[in-house]
Amino acid sequence: FWESRSTQKPMQKLLPIFENVLFWAVLILILFIPLYLKFPLFGVGGSFVSIRLEDVLIASTYLIWGIYLIYSGRIKELMKDRLMQVILAFFFIGAVSVFSSSFLTKTTALHLGIFHWARRIEILMLLPLVATVINKKRQAYVYLGALSLVVFLVNFYALGQRFLDFPAVSTTN
């Protein structure tokens, strides 16, 4: 009994640190994903698929989030959520589709199908990530403020491209 309490205390002390890191990581993602151009970080051989800097940032955030969910015990709560179950069913159907297109109909290379499937997972999992990170109204307001700023900046630049000859950068993505 005493051993389990002593091992829980250090992890319980780390949970607020994880929550703070996740808050800032999500805020960075809200600002970074729409504003940073989709330049490839490195390409995947034999394909047009590229890994981008945002993919690395998102994967790092998911790693921290996964550790947090395990140590906080919130993973069980997340798996019981009906929306999360639907999302997981969507991912399963995507996996079946990749298997079918690669091995049954042979219309897609396996590595390309996996990369496209992983990109869908990467983007869709942002919803439960943000939903589990927001613990206070103030955090939601900060995220909404950051999102409003991003929408304003994107629209300002778009209008600048249209009417003020701002440069357009094509990354072929």
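No experiment lies behind these values; they were computed from the predicted model shown. Residue numbers run from 1 in the order of the sequence given.
In this structure, F166 and F156 have side chains that are in contact, with non-hydrogen atoms separated by less than 4.5 Å. Between V26 and Q139 the shortest side-chain heavy-atom distance does not fall below 4.5 Å. Inter-residue side-chain proximity for Y143 and F23 is flagged as met; some heavy-atom pair is nearer than 4.5 Å. For the pair Y36 and R52, the minimum side-chain heavy-atom distance is 4.5 Å or more. By the 4.5 Å heavy-atom criterion applied to side chains, D55 and L41 are not counted as neighbours. Within the 4.5 Å cutoff, the side chain of H111 has no heavy atoms near those of the H116 side chain. Under the 4.5 Å side-chain criterion, counting only non-hydrogen atoms from C-beta, R120 is not in contact with L124. Using a 4.5 Å heavy-atom threshold, the side chains of I58 and I33 count as touching.
Residues V130 and I123 are members of separate hydrophobic clusters, defined by side-chain heavy-atom contacts under 4.5 angstrom among Ile, Leu, Val, Met, Phe, Trp and Tyr. Put simply, Y71 and I17 are part of the same group of oily side chains (I, L, V, M, F, W, Y) that touch within less than 4.5 Å, one to the next. L159 and L35 are not part of a single hydrophobic cluster, where members link through side-chain heavy atoms under 4.5 Å apart. Cluster membership for L63 and L15, using ILVMFWY side-chain heavy atoms within less than 4.5 angstrom, is shared. Follow the hydrophobic side-chain contacts under 4.5 Å out from I30 and you never reach V151; the two are in separate clusters.
Counting only residues at least two apart or on different chains, no salt bridge (charged side-chain N to carboxylate O under 4.0 Å, His left out) pair has a member in residues 129-139.
With rounding to the nearest 0.5 angstrom, the OH atom of Y62 is 7.0 Å from the CH2 atom of W65. Note: L110 CG to F99 CZ = 10.0 Å, rounded to the nearest 0.5 Å. Here the NZ-CD1 distance, from K76 to I70, works out to 11.5 Å after rounding to the nearest 0.5 Å. Interatomic distance, CG of L14 versus CG of N20, reported as 12.5 Å (0.5 Å rounding). Within the model, atoms OG1 of T132 and CG of L22 stand 7.5 Å from one another, a figure rounded to the nearest 0.5 Å. Here the CG-CE distance, from L88 to M79, works out to 5.5 Å after rounding to the nearest 0.5 Å.
When all heavy atoms of A146 and L27 are compared, the pair lying nearest together is CB-CD1, 3.5 Å. Across every non-hydrogen atom of P34 and V154, the tightest pair is O-CG2, 4.3 Å. Residues E19 and Y68 come closest through the heavy atom pair OE2-OH, 2.9 Å.
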* Report the C-alpha separation of L127 and L83 in whole Å, then their side-chain angles, then the decisive distance to 0.1 Å, and conclude whether the side-chain contact (heavy atoms from CB on, under 4.5 Å) test is met. => CA-CA 10 Å; L127 173 66; L83 180 60; 3.9 Å; yes

* To do: Take L69 and L78 through the side-chain contact (heavy atoms from CB on, under 4.5 Å) test and state the conclusion after the steps.
  => CA-CA 9 Å; L69 286 176; L78 186 65; 3.7 Å; yes

* Could you walk me through whether E77 and M84 pass side-chain contact (heavy atoms from CB on, under 4.5 Å), step by step? => CA-CA 10 Å; E77 172 188 324; M84 190 62 194; over 6 Å; no

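Judged purely by atom type and a 3.5 angstrom limit, S100 has no side-chain atom pairing as donor or acceptor with the backbone of V96. With hydrogens and angles disregarded, a donor-acceptor distance shorter than 3.5 Å links the side chain of S60 to the backbone of V56. Listed for the Q161 side chain is a donor-acceptor partner under 3.5 Å among the backbone atoms of P167.
Legend: residues meeting side-chain contact (heavy atoms from CB on, under 4.5 Å) with T107, ordered by chain and number and at least two apart, are S101, T105.
In the displayed structure, Y141 atom OH is contacted under 6.0 Å by at most 12 heavy atoms of other residues, nucleotides or ligands.
Salt-bridge annotation for R119 and E122: present, with a side-chain N of the basic residue lying under 4.0 Å from a carboxylate O of the acidic one.
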